[in-house]
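A quick write-up on the structure given underneath.
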Amino acid sequence: MLLMPRKVKHRKVHRGGWPKGTTTAGARVSFGSFGLKALETGLISARQIESARRAMTRSIHRGGKVWIRVFPDKPMTKKGEQTPMGKGKGSVDHYVAKVTAGRMLFELDGIPRELAMEAMRLASHKLAIKTKFVDRHGTE
């Protein structure tokens with residue numbers, strides 16, 4: 001099941017600019033023992049988050065616990081095929097999470113380090129940005 005907001009204040013939003021530098025909020029492993037950290041700024045769709053989550057949970061054979069630290073709350077619009085220019089903005093197509101460099105994306109706990117590294121590696125292939133594996137003690 002894809003992540004999306006239950007209710008939104010505004011149905012369509014502007015694309016907005018990108019913050020410079022690295023994030024300060026949500027930058028360290030807070031819940032689990034291991035984490036997957038974003039190394040660059042970008043957009044991650046709800047489909048990518050779900051795909052990465054499935055890859056992780058299948059890899060750890062449904063053991064341990066997984067935390068998803070990002071939520072897709074930004075609506076992205078799309079116009080229909082062969083629609084001429086003009087005629088306003090398209091309808092909402094999907095939701096994305098705006099991710100800044102340094103942000104913790106996923107966390108894992110209750111499994112050995114080697115298994116966690118493999119699960120995070122499989123999850124990172126599903127995402128559109130560069131990531132790295134970190135643990136609670138700050139070692140990669």
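Below, all heavy atoms of this structure are taken into account, side chains as well, without hydrogens, waters or symmetry copies. No experiment lies behind these values; they were computed from the predicted model shown.
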#### Entry: In one Ile/Leu/Val/Met/Phe/Trp/Tyr side-chain cluster, 4.5 Å: I68, M120
yes
### L105 CG to R103 CZ distance, which is reported to the nearest 0.5 Å
8.0 Å
## Note on the structure
Between the NZ atom in K20 and the OG1 atom in T100, the distance rounded to the nearest 0.5 Å is 11.0 Å
### Message
Can you give me the closest heavy-atom contact between S59 and A119, atom names plus distance?
### Response
OG-CA, 3.6 Å
### Query
Are the side chain of K74 and the backbone N or O of R15 linked by a donor-acceptor pair below 3.5 Å?
yes
### Query
Do the side chains of T77 and D93 get nearer than 4.5 Å, heavy atoms only?
no
### Summary
Taking every heavy atom of A46 against every heavy atom of P72, the minimum-distance pair comes out as CB-CG, 3.8 Å
### Query
Distance under 6.0 Å and angle within 45° of the ring axis: does K65 meet both against W67?
yes
### Query
Are W18 and V96 linked, directly or through other ILVMFWY residues, by side chains that come within less than 4.5 angstrom of each other?
yes
### Cluster link M117 to L36, ILVMFWY, side chain under 4.5 Å
yes
#### Entry: R69 vs E107 side-chain heavy atoms within contact, under 4.5 Å
yes
### Task
Indicate if L127 and L3 have the same hydrophobic cluster label, given that clusters are the connected sets of ILVMFWY residues with side-chain heavy-atom separations under 4.5 angstrom.
yes
### Query
Is any side-chain heavy atom of F106 closer than 4.5 Å to a side-chain heavy atom of V70?
no
### Task
Answer yes or no: are there more than 12 heavy-atom neighbours, outside K89 itself, under 6.0 Å from its atom NZ?
yes
#### Entry: Evaluation steps, side-chain contact (heavy atoms from CB on, under 4.5 Å), between K126 and Q48
CA-CA 6 Å; K126 307 291 182 184; Q48 289 170 356; 5.6 Å; no
### Message
Is any side-chain heavy atom of I60 closer than 4.5 Å to one of M56?
### Response
no
### Message
Surrounding NZ of K98 (heavy atoms of other residues, nucleotides or ligands, distance under 6.0 Å), is the total greater than 12?
### Response
yes
#### Entry: M104 vs V134, side-chain contact (heavy atoms from CB on, under 4.5 Å): CA-CA, chis, key distance, verdict
CA-CA 9 Å; M104 198 60 61; V134 293; 3.7 Å; yes
### Query
Rounded to the nearest 0.5 Å, what separation is found between the OG atom of S91 and the NZ atom of K79?
10.5 Å
### Query
Apart from V92 itself, what residues make up its hydrophobic cluster, given side-chain heavy atom links below 4.5 Å?
M4, V8, Y95
### Query
Could you give the distance from CG (L108) to OG (S33), rounded to the nearest 0.5 Å?
9.0 Å
### Query
Atom OG of S51 and atom CD1 of I44: how far apart are they, to the nearest 0.5 Å?
12.0 Å
#### Entry: Side chain to side chain, V99 and I129, heavy atoms closer than 4.5 Å
yes
### Query
Going through the checks in order, is the side-chain contact (heavy atoms from CB on, under 4.5 Å) test met by R28 and R136?
CA-CA 8 Å; R28 51 179 60 137; R136 187 176 274 283; over 6 Å; no
### Query
Has H125 got more than 12 heavy atoms of other residues, nucleotides or ligands less than 6.0 Å from its NE2?
yes
### Query
At what distance, to the nearest 0.5 angstrom, does CG of D135 lie from CZ of F34?
6.5 Å
### Task
Would you check, one step at a time, whether the test salt bridge (Lys or Arg N to Asp or Glu O under 4.0 Å) holds for E50 with R53?
CA-CA 5 Å; E50 177 62 14; R53 184 198 64 79; 2.7 Å; yes
### Task
Kindly indicate, with the supporting measurements, whether the criterion side-chain contact (heavy atoms from CB on, under 4.5 Å) is fulfilled by L115 and R113.
CA-CA 6 Å; L115 192 59; R113 183 184 168 87; over 6 Å; no
### Query
Side-chain contact, heavy-atom cut-off 4.5 Å: K37 with T131?
no
